[in-house]
2 protein chains.
Amino acid sequence: MTIDDVARAAGVSRQTVSRALNDKGEIDASTKQRVLDTAHELGYRPSRFARGLVRQDSISVGLMIPDLLNPFFTEVAAAALEAARKRGWHVVVYDTGDRVEEERGTLEVIASQVDAVVGYLSLPEDEIDKLIRGLPAVLIDREHRAERYNAIRIDGEAGVHAAIRHLADAGHHRIAMLDHAARSEPSIRHHWFATAMAACGLEPVAVSRADQSLEGGEHALRELLAEHPDVTAVFTFNDIIAIGALRAARRLGRRVPRDLAVIGFDGLQLGTLVEPALTTVALDTRELGALTIEQAGRLLARSGPLSHDEAAVKAELRLRESA
Amino acid sequence: MTIDDVARAAGVSRQTVSRALNDKGEIDASTKQRVLDTAHELGYRPSRFARGLVRQDSISVGLMIPDLLNPFFTEVAAAALEAARKRGWHVVVYDTGDRVEEERGTLEVIASQVDAVVGYLSLPEDEIDKLIRGLPAVLIDREHRAERYNAIRIDGEAGVHAAIRHLADAGHHRIAMLDHAARSEPSIRHHWFATAMAACGLEPVAVSRADQSLEGGEHALRELLAEHPDVTAVFTFNDIIAIGALRAARRLGRRVPRDLAVIGFDGLQLGTLVEPALTTVALDTRELGALTIEQAGRLLARSGPLSHDEAAVKAELRLRESA
DNA sequence: TTGAAAGCGGTACCAT
DNA sequence: ATGGTACCGCTTTCAA
């Protein structure tokens, strides 16, 4: 079913069909109506590829998200969508379910579908290279693993320092961290935590690892407190883990923040919803999304990319109730 | 920058370039390498449109979501993405921010970008008609407003009946509902509520309207209880409103479920997270997503669409702690 | 107002 | 192993 079929059925040339469909002038009203009618009867739809080929507009970017149901990634995705819409871009979203095979498969197929890829990728850089073959890419939060690709960094150093300082000022000196358990190396957030502790003249009581889920946080806090009952404050890799910890604390009968102070990382809206509201080192996810899209735009336009400093979003301490 | 530029630069024909890029056989290894190198130097990327034009594969659907940050829609989106990925489809996501203006603008531009649209649309059908001009569309949860389009319904009748029956059996007879405030007409969920109440021989104490937000639910419950202090149970339009109500109840010093029973609708994961966990009439969002994509597939294949009964997902009472 | 022809940027088929 | 040519389905330019 092509434009020619419609033309034939309506007894006109295909240019006339094109005119009718695209609301161009220079066409008799009755002809137009007749063409429109036959097109409708035939159930004709113009090929988006043929159209795109000739009108060189419309940009679409692929957005890679590890798990859309994780509220943090939901916020990032929403922010990226918003920034893209302002430019009239289309965003093709892929949820890789945190599986590298899915990442691979998606990247393999993505190259012929979008003009750029943005988002979270856990594959090593050389493998990404092979898969996307020059497709412009903007990776988010690669921590120390972003060498060759343009990445948007999350700079939580000052925020974490402020958080630890806040705990220290409140008299806490038995402080622990719940880091994530995904990769074998400690996270960069842990690094910030360690230097912040040192700057306050404090020694971490312990650093446990938690799955990035409510249950993960709950479980990890229970274990932590079992081993170190004297801990009075915890800093966590992210808000999800922190909220799990909050729940564990409540079930253990520890009152937050009186018996145990909890500080998360991310600044999720979800944190305002729990009781007590979560104190956290907050990220501006909308800025993160905007920067990501901005960087993609620069790559596509081949104008200079954002500098190392510009390509970062700073996180800052947001005091609520849990610390 | 086209395939011809690369061919010229490498001193070969464009077919040879095509072979090199697509890993076809029948090409000298050294030639291939030379072509690949020049392509890389030139920063050449094949046009996805030209490619799509000749290889007629790859389907992409537009997914319209009113507000991705609303956890319910996040779940639906994730479910649709999952179902689409199983078929190898690409999903272009549009967050309309609950504004009809955005809906219009998106639909207008979408027709030349995707093979089908699915999701939530609040525009009236005749306006949708004009905008998408025959693009296959699957609307979700149009309640009673879906006449001509294929829609996936949410059938909560039995679930709501079970919920009200549960309340009645627990001795509640002062029951109210917090409906949504979006449209002027009462929701179909309200209709189910009303018939369920009647079936139990009960008379609703009141039906208030709430914005679909935590604050909306909180506010609405306060007003409701101010006017009708004798209410002992509420059924809400959705879980978000219910969670807001939960918060209001706690702040008013009403213990849930002892002083006030609360039942929501949707079955959000979020509801397991609040304290007490929310009893709700739960929807299988994954099934909803799967059905939506399935229906889109049938429309594209021009095979028969799902029947009225098949195109529905049933909601059922999920007892947790709040009632 | 309408139609013929020339692309848009690729891939596939058939020679060479 | 490589190149010539047709063609994918549509829009734009130019004549008629």
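Below, read A as the first sequence line, B as the second, and so on, with proteins coming before strands; counting in each chain starts at 1. What you are looking at is a predicted structure, and each value in this text was computed from that prediction instead of being measured.
Remark: Arg34(A) engages no residue in a salt bridge (charged side-chain N to carboxylate O under 4.0 Å, His left out) (not counting sequence neighbours). When the side-chain contact (heavy atoms from CB on, under 4.5 Å) test is applied to Asn22(B), the partners found at least two apart in sequence or on another chain are Ser18(B), Lys24(B), Arg51(B), Arg55(B). Listed by chain and number, the residues in a side-chain contact (heavy atoms from CB on, under 4.5 Å) with Ala20(A) are Ile27(A), Lys32(A), Val35(A), Leu36(A) (sequence neighbours excluded). Taking Ser184(B) as the reference, nothing meets the side-chain hydrogen bond (donor to acceptor under 3.5 Å, both in side chains) condition, with sequence neighbours excluded. In this structure, Glu41(A) has no side-chain contact (heavy atoms from CB on, under 4.5 Å) partners at least two apart in sequence or on a different chain.
In the helix from dT1(C)-dA16(D) to dT16(C)-dA1(D), the terminal helix axes, each the rotation mapping four pairs' C1' atoms onto the next four within five end pairs, subtend 40°, rounded to 10°.
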Name the atoms and distances for all side-chain donor-acceptor pairs under 3.5 Å in residues 83-90 of chain B, with sequence neighbours left out.
{"residue": "Arg85(B)", "atom": "NH1", "partner": "Asp95(A)", "partner atom": "O", "Å": "2.8"}
{"residue": "Arg87(B)", "atom": "NH2", "partner": "Glu294(B)", "partner atom": "OE1", "Å": "2.7"}
{"residue": "His90(B)", "atom": "ND1", "partner": "Tyr94(A)", "partner atom": "OH", "Å": "2.6"}

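Remark: the Glu310(A) side chain and the Ser307(A) side chain contain an N/O donor-acceptor pair separated by less than 3.5 Å. A donor-acceptor contact under 3.5 angstrom links the side chains of Glu75(B) and Thr285(B), judged on distance only.
At the heavy-atom level, Asn22(B) lies under 4.0 Å from the strands shown only through sugar-phosphate atoms.
Remark: Arg286(B) CZ is loosely packed, at most 12 non-hydrogen atoms of other residues, nucleotides or ligands lying under 6.0 Å away.
Along DNA chain D, the stretch of nucleotides lying under 4.0 Å from any heavy atom of chain A spans, 5' to 3', dG9(D) to dT12(D).
Straight-line distance from the CG atom of Asp5(B) to the P atom of dC8(C): 11 Å, rounded to whole Å.
Screening residues 36-67 of chain B for ring pair (Phe, Tyr, Trp, His ring centres under 6.0 Å) gives no qualifying pairs among residues at least two apart or on separate chains. The ring pair (Phe, Tyr, Trp, His ring centres under 6.0 Å) contacts involving residues 117-140 of chain A comprise Phe73(A)-Tyr120(A), where partners must be two or more places apart or lie in separate chains.
Salt bridge annotation for Arg183(B)-Glu143(B): present, with a cationic side-chain nitrogen under 4.0 angstrom from a carboxylate oxygen. The pair Glu127(A)-Arg104(A) counts as a salt bridge, with a side-chain nitrogen and a carboxylate oxygen less than 4.0 angstrom apart.
Of the residues in residues 42-55 of chain A, those lying under 4.0 Å from DNA chain C by heavy-atom distance are Leu53(A), Val54(A).
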Polar atoms only, N or O, under 3.5 Å: list the protein pairs with nucleotides 2-5 of chain C and their distances.
{"residue": "dT2(C)", "atom": "OP1", "partner": "Thr31(A)", "partner atom": "OG1", "Å": "2.7"}
{"residue": "dT2(C)", "atom": "OP2", "partner": "Asp28(A)", "partner atom": "N", "Å": "2.8"}
{"residue": "dT2(C)", "atom": "OP2", "partner": "Thr31(A)", "partner atom": "OG1", "Å": "3.4"}
{"residue": "dG3(C)", "atom": "OP2", "partner": "Ser13(A)", "partner atom": "N", "Å": "3.0"}
{"residue": "dG3(C)", "atom": "OP2", "partner": "Ser13(A)", "partner atom": "OG", "Å": "3.1"}
{"residue": "dG3(C)", "atom": "OP2", "partner": "Thr16(A)", "partner atom": "OG1", "Å": "2.7"}
{"residue": "dG3(C)", "atom": "N7", "partner": "Arg19(A)", "partner atom": "NH1", "Å": "3.4"}
{"residue": "dG3(C)", "atom": "N7", "partner": "Arg19(A)", "partner atom": "NH2", "Å": "3.2"}
{"residue": "dG3(C)", "atom": "O6", "partner": "Arg19(A)", "partner atom": "NH2", "Å": "2.5"}
{"residue": "dA4(C)", "atom": "N7", "partner": "Gln15(A)", "partner atom": "NE2", "Å": "3.1"}
{"residue": "dA5(C)", "atom": "N6", "partner": "Gln15(A)", "partner atom": "NE2", "Å": "2.7"}

